[in-house]
Participant: 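Here's a structure for you.
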Amino acid sequence: MSSTSPPNGERSTTLVDQAKKQTRPIDKHLFRKNLLAPFSPLTHLTQTVMVWLSFLLPIVVWCIVSYVPFVWHPLIKITDPSKVSYFKPDILVEKKTFALENEKLGKSGFPPAQGIPANPVFLPAPHEVVLALYKSFTTPPRRNGEPWLHESIWHSIQIIFWGFLWSSIFGVPLGILCGTFPLISRLGEPAVDFIRYMPAPVFGALAVAVMGIYDSPKIAIIFLGTFFQQVLVIANTTRKLDTSLIEAAQTLGAGRLQILFKVVLPGISVDLYSDMRILLGWAWTYLTVAELIGTSSGISYFINQQAKYRVYDNVFACIFLIGLIGFTTDRLLDFIGRGLFPWKQNQNSGFFKGLFTSNSKALET
Amino acid sequence: MNSQYLPQNQDVATRFAKLKDRPVVLDVRNLTKGFSSGGNQHTALDRISFQVFRREFMCVLGPSGCGKSTLIRIIAGLDTPTSGEILLDGNQVQGPGSDRGMVFQSYTLFPWLTVKKNVMFGLRMSGQSLSVAESEALEWIDLVGLKKFKNSYPHQLSGGMKQRVAIARALANRPRILLMDEPFGALDAQSRAQMQAYLLDIWKNVDVTILFITHDLDEAVYLSDRILVLGTNPSRVSELIENPVPRPRNRAQFTSATFRATHHHLEELIHPPCAEVQERFPIPRMTTIGDDVE
């Protein structure tokens with residue numbers, strides 16, 4: 001507001017300018033409003049920052065615990081054992097024992113033993129894990145005939161794939177039928193619900209007896225663990241379909257099969273797809289049990305073996321790889337899903353939006 | 001049953017005499033629907049009988065809970081009556097079919113299909129070839145003025161546009177009667193008025209009989225030839241009114257004497273004048289200013 005009153009035209013332009021000034025920089029500003037306002041969408045920048053932080057924060061905590069000597073570090077790594085008979089260079093002892101022995105040495109006039117604070121062997125530092133990850137692909141396994149890390153993981157992936165595939169071949173159609181036809185639901189679901197409560201691993205011994213000791217019983221365990229949940233979850237998803245869509249199809253002259261294939265199937269496809277993604281995650285949780293049945297194999301065997309050797313760097317490397325595989329698969333499926341369902345509203349609502357998607361907004365009319 | 005409430009003008013009388021000369025499309029006879037909930041018998045529809053003539057626009061009006069929707073769902077074949085029968089062109093109807101198109105209040109477009117595919121749905125169900133279905137669908141889309149949106153998905157459309165697609169989808173099957181269950185109930189006042197005009201235009205140009213459910217008195221008077229008024233508890237036909245407002249209709253008629261008289265008559269049927277409210281809520285005075293408020 002200037003003191004001299006400008007002519008009308010000028011004044012209106014200044015008002016427009018003021019409005020522009022107010023709106024322009026707001027968009028890019030990270031803290032443009034209360035970040036914890038419930039249900040309010042974040043800016044693109046804030047979202048990207050948060051996504052990176054969600055990965056960085058745990059790593060930062062891990063680094064602090066590993067590299068800052070006065071944080072945790074409950075043990076002492078011996079550098080100079082002095083005269084203590086059972087101290088050897090590089091062994092880990094508890095702080096209490098270390099102090100006690102040094103007190104004894106002090107009384108008898110010997111120089112105290114030397115050591116540096118260290119973490120237990122089961123918590124390797126980040127750089128050790130990265131190194132182990134690299135080494136697992138470059139140096140052969142400790143014993144002849146032991147699988148490489150990537151071989152173990154590939155074996156596990158195959159088990160999961162076949163178990164999940166067989167489960168889906170039977171589970172998806174049965175689930176959809178149960179959801180669509182109350183008769184089939186009454187016939188099938190109570191039994192499925194009953195069996196579902198039997199933990200899949202209890203069938204392990206049976207599976208080995210019937211199918212031998214190699215991969216078949218493992219696939220069977222994944223199947224048993226997934227199938228029954230799959231039927232119930234998919235039946236429920238199918239029942240959630242808006243019945244008015246089915247009624248609309250009926251008034252348009254659709255018959256029973258046409259309703260099943262032209263209304264129910266496309267109608268539930270989006271939810272079915274996300275159900276499958278969740279169920280695939282469940283299949284992974286049955287993997288560890290499945291692989292210990294018969295002859296151990298795959299990542300569970302690898303992890304157990306490395307833990308026996310007390311090479312925890314390798315254990316962490318393996319766990320990290322599993323996480324990475326699961327995460328990548330899920331993101332990949334999410335990405336594919338977007339192409340499959342062009343009619344879906346609120347696309348890219350996933351938390352990883354900032355990294356993987358360009359803002360492809362639905363056409364506004 | 002057809003009580004006369006106004007001295008019928010000669011023009012109006014001839015109009016309805018001509019209407020009743022046409023063949024009967026829909027014949028509802030003694031339709032009764034009972035529900036039993038927790039041992040209580042409840043009658044939703046009690047011996048409803050009426051006839052709809054070819055090319056007629058009939059509105060069904062009634063207070064909420066009078067079973068309007070149940071009635072139209074039974075006619076569509078989505079519900080079964082306890083007793084009574086429904087004849088379409090003299091044949092008893094069994095279950096839903098494409099001879100009775102339906103437009104629902106909730107948007108029931110298939111979200112995974114584009115506008116064009118939605119309209120093609122019924123044609124494909126009845127075994128039309130893809131090319132025939134496509135060209136016919138495009139004609140119907142053109143008719144409801146949505147040519148520009150033929151490849152859009154339903155979620156990209158406004159409520160009014162969705163209902164226009166729903167009308168095109170139902171009409172593409174060339175039904176004998178179009179059943180509309182409060183189709184504009186979820187729309188805002190402006191698009192509602194627009195849709196009513198659209199519907200009258202469509203009805204004028206397409207050979208279709210319409211049974212239209214509403215609880216909006218203005219809508220009923222503006223659209224209909226005859227108005228079937230239902231009462232509550234249990235729901236019976238309280239009156240079948242021959243709407244004297246001349247056609248073609250326009251919104252200027254809303255203030256005409258005939259329109260107001262019809263509206264008033266409906267108002268009295270549906271909301272009978274009740275005595276001055278006897279009981280007052282014990283609301284304490286919670287304000288100190290604005291004492292001039294009565």
Side-chain angles (χ1 to χ4, degrees), chain A residues 41 172 176 179-183 234 237-276 336-349 359-365, chain B residues 69 72-73 75-79 93 95-115 117-128 146 148-149 151-158 160-162 165-166 169-175 177-181:
Chain A
V172 174
I176 292 175
T180 311
F181 302 107
L183 184 88
I234 290 175
T237 296
T238 312
R239 270 191 287 269
K240 270 189 288 177
L241 180 67
D242 189 357
T243 47
S244 65
L245 290 182
I246 294 179
E247 290 178 346
Q250 282 177 323
T251 62
L252 290 167
R256 220 172 316 176
L257 283 181
Q258 284 170 324
I259 285 174
L260 188 59
F261 287 104
K262 299 284 180 186
V263 183
V264 175
L265 265 184
I268 64 167
S269 56
V270 174
D271 290 337
L272 180 67
Y273 191 78
S274 68
D275 281 349
M276 294 297 266
I336 295 171
R338 262 179 228 144
L340 284 178
F341 311 117
W343 67 87
K344 204 176 135 196
Q345 293 180 58
N346 314 322
Q347 288 199 346
N348 30 331
S349 54
N359 265 341
S360 63
K361 262 202 165 175
L363 183 130
E364 309 256 335
T365 52
Chain B
S69 284
I72 208 166
R73 285 176 59 83
I75 296 172
L78 298 171
D79 267 339
V93 299
S98 59
D99 47 4
R100 285 147 292 144
M102 178 121 167
V103 178
F104 299 79
Q105 176 177 9
S106 58
Y107 308 123
T108 54
L109 296 185
F110 303 117
W112 58 91
L113 297 178
T114 60
V115 166
K117 295 262 175 67
N118 259 291
V119 178
M120 282 164 64
F121 186 89
L123 297 163
R124 294 289 287 153
M125 290 301 112
S126 58
Q128 297 273 22
L146 289 174
K148 259 168 56 182
F149 297 93
N151 290 323
S152 304
Y153 285 101
H155 74 90
Q156 298 165 319
L157 305 178
S158 70
M161 286 151 95
K162 281 184 207 171
V165 179
R169 185 178 67 171
L171 287 177
N173 264 0
R174 308 207 177 245
I177 189 164
L178 183 63
L179 308 168
M180 307 185 83
D181 185 4

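In what follows, every chain begins at residue 1, and chains take the letters A, B, ... in the order their sequences are listed.
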Participant: Using a 6.0 Å cut-off, check whether atom NZ of Lys117(B) has over 12 heavy atoms from anything other than its own residue.
Facilitator: no
Participant: Using heavy-atom distances under 4.5 Å, tell me whether Leu109(B) contacts chain A through its side chain, its backbone, both, or neither.
Facilitator: backbone
Participant: Which bit of Val270(A) is near chain B, if near means a heavy-atom gap under 4.5 Å: side chain, backbone, both or neither?
Facilitator: neither
Participant: If you round to the nearest 0.5 Å, how far is CG of Leu178(B) from OG1 of Thr251(A)?
Facilitator: 9.5 Å
Participant: Give me the atom names and distance for the closest heavy-atom approach of Trp343(A) to Pro111(B).
Facilitator: CB-O, 3.0 Å
Participant: Could you check whether any side-chain heavy atom of Phe110(B) comes within less than 4.5 Å of a side-chain heavy atom of Asp242(A), counting everything from C-beta outward?
Facilitator: no
Participant: If you take all heavy atoms of Gly267(A) and Trp112(B), which pair is closest and at what distance?
Facilitator: CA-CZ3, 3.3 Å
Participant: Please flag which part of Ser126(B) lies under 4.5 Å from any non-hydrogen atom of chain A: side chain, backbone, both or neither.
Facilitator: neither
Participant: Distance check, rounded to the nearest 0.5 Å: Met125(B) atom CE versus Lys262(A) atom NZ?
Facilitator: 5.5 Å
Participant: Tell me which of these, Val263(A), Leu252(A), Leu245(A), has more heavy-atom pairs under 4.5 Å with chain B than the rest.
Facilitator: Leu252(A)
Participant: Checking Arg169(B) against chain A: side chain, backbone, both or neither under 4.5 Å from a heavy atom?
Facilitator: both
Participant: Between Pro266(A), Gly253(A), Ser244(A), Ala248(A), which residue shows the highest count of heavy-atom pairs closer than 4.5 Å to chain B?
Facilitator: Pro266(A)
Participant: Return the CE to CD distance between Met102(B) and Gln250(A), rounded to the nearest 0.5 Å.
Facilitator: 11.0 Å
Participant: Hey, are the side chains of Arg73(B) and Glu247(A) touching, using non-hydrogen atoms and a 4.5 Å cut-off?
Facilitator: yes
